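Working notes, structure below.
Just follow the structure's listing: the first ligand is 1, and inside any ligand the first atom is 1. Residue numbers count from 1 along this sequence. Keep in mind it's a predicted model, so treat the numbers as computed, not measured.
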Amino acid sequence: MTSYQFPDSFLWGAATASYQIEGAATEDGRKPSVWDTFSAKPGRTLNGDTGAVACDHYHRYETDVKLMAALGIKHYRFSIAWTRIIPDGRGDVNEAGVDFYSRLVDCLREHGITPHATLFHWDSPQALEKRYGSWRSREMAQDYADYVTAVVSRLGDRITNWMTINEISCFTHLGYAVNADPPHAPGTRVKRRKDIWQTCHHAILAHGLGCQAIRAASPVPCSVALVDNPAVTVPIAESPEHVVAAQKAFPTCWANGGILYPVLTGAYSPVLLEQLGWDAPEIKAGDLETIHQPLDALGLNIYTGTYVKAADNPNGYECLDFRDSYPRLNMPWLWMLPEALYWGVRHISDTLEKPALPLFITENGCAAQDTVNAQGEVVDLERIAYLRQYLKAAHRAVADGYPLHGYFVWSLLDNFEWAWGYDRRFGITYVDYPTQKRIPKASFHWYAECIRQGRVV
Ligand code: FCB
């Protein structure tokens with residue numbers, strides 16, 4: 001019988017992001033990000049919710065760090081808000097904004113928790129949206145790199161795990177749609193599909209420049225990673241023909257071939273470029289070299305996946321749709337597919353031929369219809385069921401010898417779930433927004449026990 005025991009070196013953590021938890025939107029010199037502007041527009045988010053207060057983590061970070069210590073995590077992934085550090089997007093650094101992260105990092109370290117900082121989790125400066133349309137302009141990549149230098153030169157003595165950018169496909173492909181209102185900020189419709197791919201190209205360029213900026217500014221050796229949410233193709237059954245089909249489908253599924261491929265191999269996937277034709281982005285000489293920086297690790301955010309089967313067609317595979325009766329958590333896209341975590345790891349190691357690249361699951365979790373019962377508890381059975389299956393898939397990857405080194409649950413706290421506002425709860429801690437009370441859910445206690453025993457319980 002498998003005990004699902006992880007090696008002692010396996011790192012257990014939890015993740016959050018600035019705009020989703022901090023609140024204090026106008027404090028200490030912070031200026032608006034595109035998410036402040038987008039969420040303030042009627043009809044853009046559910047119930048008109050915004051991140052203006054969120055979990056008030058800006059004022060309650062000490063309580064939240066104590067919560068992490070009680071959970072037993074030794075690693076915490078959070079993000080830094082560009083507009084706290086450089087409120088206008090470019091130009092003067094706001095030292096009061098840096099101070100917040102400095103205090104947070106000191107507090108984490110006092111509790112024996114290692115900080116892992118994401119430098120960009122979607123909250124682009126509104127000033128740069130106004131100036132040149134943020135990711136529509138190539139200028140964004142250099143402004144991002146300058147911001148990175150400002151952060152790393154100030155906090156790099158105490159933060160040594162850096163992640164450049166979170167989930168490029170979401171704030172580019174889902175931030176600028178051609179014929180529909182995009183669900184993500186800035187919510188601008190661009191004219192052509194090519195222009196969407198161009199925003200994405202600027203973001204991978206920013207990642208490359210960001211890697212260089214981190215390494216140039218860090219006063220001590222550090223780890224540099226990208227966080228991506230690959231569209232994971234999962235063989236419908238683990239037979240050689242379906243495995244090959246899933247591998248063939250990987251580069252053209254969603255944005256994989258235009259993000260992971262250039263970042264990890266130095267070239268867009270040729271199959272994707274062929275499919276895109278005139279819709280492919282303009283790539284300037286030297287861009288691919290800049291984008292293809294050596295990485296110390298890759299973060300994978302994996303929540304779900306796509307089943308693929310071998311097919312008798314020119315591609316040799318077919319991607320399958322889910323029917324309504326397929327098990328799903330409390331989000332339209334959140335199909336229960338734990339094997340995606342295992343196959344996500346395998347596609348990086350095998351399909352992309354990066355067997356030595358250290359991998360981390362930087363996000364995994366689910367939304368559930370959580371309520372506080374008469375005893376004041378939140379018994380989130382479906383979240384435990386979900387997490388248990390995905391952690392078993394992580395264990396399988398480790399047991400098979402793949403370089404999966406750690407796991408961060410999404411999320412430490414219920415928070416502002418973007419266009420879904422506060423309606424969807426992903427936390428292992430319930431947040432009662434009117435009082436800001438934190439109530440650890442049953443899944444919190446379950447995860448604490450997994451960490452204590454170093455295995456899936
Ligand atoms: C990911 C995001 C994260 C959170 C989860 C549910 O795509 O990175 O901020 O919203 O989904």
Tell me the protein heavy atom at minimum distance from [atom], and give that distance in Å.
| atom | value |
| --- | --- |
| atom 5 (C) of ligand 1 | Tyr303 OH, 3.2 Å |
| atom 10 (O) of ligand 1 | Glu417 OE1, 2.7 Å |
| atom 7 (O) of ligand 1 | Glu167 OE1, 2.6 Å |

Legend entry - Check: Trp343 ring centroid to Phe250 ring centroid under 6.0 Å: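 Centroid separation for Trp343 and Phe250: 6.0 Å or greater.
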Legend entry - Ring centres under 6.0 angstrom apart (Tyr19, Trp122): no
Inset, instruction - Could you establish whether Asn229 and ligand 1 come within less than 4.0 Å of each other, counting only heavy atoms on the residue side? - result: no
Inset, instruction - State if His121 counts as touching ligand 1 under the rule of any non-hydrogen atom under 4.0 Å. - result: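 Yes.
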Inset, instruction - Answer yes or no on whether Arg90 is positioned over the face of Tyr147, meaning its NZ or CZ is under 6.0 Å from the six-membered ring centre and within 45° of the axis. - result: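 No, Arg90 does not lie over the aromatic ring of Tyr147.
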Legend entry - Within 45° cone of Tyr4 ring axis and under 6.0 Å: Arg455 NZ or CZ: no
Legend entry - Region of Met331 engaging ligand 1 - heavy atom pairs below 4.0 Å: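 Contact part for Met331 vs ligand 1: neither.
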Legend entry - Sub-3.5 Å N/O-N/O distance, Glu363 and ligand 1: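 Yes.
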Legend entry - Ring geometry between Trp418 and Phe416 (parallel below 30°, tilted from 30 to 60°, perpendicular above 60°):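 Taking Trp418 first and then Phe416, their aromatic rings stand perpendicular (interplane angle over 60°).
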